[in-house]
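Take a look at the structure below.
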Number of protein chains: 2
Amino acid sequence: MQKRTLETRARLVAVATALVAENGYGALRTDEVVKRAGVAKGTFFSHFKDKDALMDLLIGAGIDAHLDQLAKAPPPETVEELVALQAPLLHFMTQERYVFDVILRLSGAAAVAEIGAIATTFGRYLDLTVPWFEKGTFRNDISAELQADGMQAFVTQAMALHFCALHEDQSMGARLAVYLRAWLCPGG
Amino acid sequence: MQKRTLETRARLVAVATALVAENGYGALRTDEVVKRAGVAKGTFFSHFKDKDALMDLLIGAGIDAHLDQLAKAPPPETVEELVALQAPLLHFMTQERYVFDVILRLSGAAAVAEIGAIATTFGRYLDLTVPWFEKGTFRNDISAELQADGMQAFVTQAMALHFCALHEDQSMGARLAVYLRAWLCPGG
DNA sequence: TCCAATAATTGACTGCGGTCATTTAATTGG
DNA sequence: CCAATTAAATGACCGCAGTCAATTATTGGA
């Protein structure tokens, strides 16, 4: 791989980042990226398989930054702390309908060979939250892995309902709290 | 509304249904629909807001047919029955990656005014499954609505992981069974 | 230093969803 | 039965992602 390659790629990413900062993710156009970066259309697609691959990189980086914060914090002891701790991450992932759609689309790796940034963050989310459940603060009848896995399902559900007009009465955090209480503190 | 309108619309839907039967949902092209239906491109879009609106109709009808089956069956008494009963529906929704993506995208109504067929089926799914939990066969510490809502979250999670290469070891049904046991039979 | 061989870049082109001013057909009232 | 009005249909056109044969730059060996 040539030095030139890295430079071009870095310029594309830098330009894309700037454009996203200006107009948001959904408004990004590959034409505008290549124009500002001073390269041809084809160059973009020799660096990224498709537009989704660039989005995967940008959004994945955003999620990762939020996971860094989660990693720093002490393990939450209550459902309320669990919800509060994850609020910034949920807000980031639902900032735009387009962003949430991309995340859903790319969160599962289609093939082992093509695990992207977002799919990686979903793995990291589990690695990071499993220890929260290993101390036995919540349930003891099921594994910490399953508790974390289920939390992920409810986080996704809460975010999905956030975009649903029929469920606008409740906030995302309040909805998640209800789910997690039922999931992590059954009978209590 | 004129009779002609209904005829044209019916022809578009019939052609689209036939094309889907031939090549699947993801391969459907609006150009081919209008060509076979013998109408102009613009006619398609005066009948459907966009391609998603047609897909909403076609896929929504498919889901509805499966819900009809669920409605006929007696309320399941065990997690195994719960999983077995829903297996055909899950299989339908995951028959193609494209179909699952469309369902996720359209399952939440963006506005109360634009509740489509798929969003309606998601409401119907809840209406239909809530009674399963009202007899107290499963949990009694949380409402039947919440039990049904949670089941929906886990069904979605199980389907999403179905497309994830990292989780191919387990079948969708097996995965769902694990989730539902933990969700509906805590401590048992 | 020069010459293949390889890697990177180019931009005209394609596919496909979606738009809109214009034309054509149906409907209604006199 | 014939305007006048409203509804439906038309197709050339646009935006934007993605392709690929041709071109240009880089590199490693003789």
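Scope of the values below: all heavy atoms of this structure, side chains included, with no hydrogens, waters or symmetry mates. Worth saying up front: this structure is predicted, and the values here are computed from it rather than measured.
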(message) How many whole angstroms separate atom CG of B:Asp31 from atom P of C:dC16?
(response) 7 Å
(message) For A:Gly26, is there any backbone N or O sitting under 3.5 Å from a side-chain donor or acceptor partner on A:Glu96?
(response) yes
(message) Using whole Å, what does the distance between atom P of nucleotide D:dG28 and atom NZ of A:Lys3 come to?
(response) 14 Å
(message) Distance check needed: C:dC16 C1' versus B:Glu32 CD, whole Å only.
(response) 12 Å
(request) Can you tell me the distance, in whole Å, between the CG atom of B:Asp52 and the C1' atom of C:dG17? (result) 11 Å
(request) Identify, with sequence neighbours excluded, every residue that meets side chain to side chain donor-acceptor pair (under 3.5 Å) alongside B:Gln69. (result) none
(message) Tell me if a side-chain donor or acceptor on B:Lys135 pairs with a main-chain N or O of B:Glu77 at a distance below 3.5 Å.
(response) no
(request) Identify the residue among A:Leu176, A:Leu184, A:Val178 that makes a side chain to side chain contact (heavy atoms under 4.5 Å, CB included) with A:Phe154. (result) A:Leu176
(message) Rounded to whole Å, please give me the gap between CG in A:Leu6 and P in C:dT9.
(response) 10 Å
(message) In this structure, how many angstroms lie between the P atom of C:dT9 and the CZ atom of A:Arg11, rounded?
(response) 8 Å
(request) Using a 4.0 Å heavy-atom cut-off, write out nucleotides 5-12 of chain D from 5' to 3' as B (base contacted by protein), S (sugar-phosphate only) or - (no contact). (result) --SSSBB-
(request) May I ask you to say what B:Leu28 touches in the nucleic acid, namely base, sugar-phosphate or nothing, with a heavy-atom cut-off under 4.0 Å? (result) sugar-phosphate
(message) If I take atom CG from residue A:Leu82 and atom CH2 from residue A:Trp183, how far apart are they, to the nearest 0.5 angstrom?
(response) 13.0 Å
(message) Rounded to whole Å, please give me the gap between CZ in B:Phe45 and C1' in C:dG18.
(response) 5 Å
(message) Check this one for me: any side-chain N or O of B:Thr30 less than 4.0 Å away from OP1 or OP2 of C:dC16?
(response) no
(request) Take the protein atom CZ of B:Arg29 and the nucleotide atom C1' of C:dT14, then report the distance between them rounded to whole Å. (result) 13 Å
(request) Indicate the atoms forming the closest heavy-atom contact of A:Gln147 with A:Arg139, along with that distance. (result) NE2-O, 3.0 Å
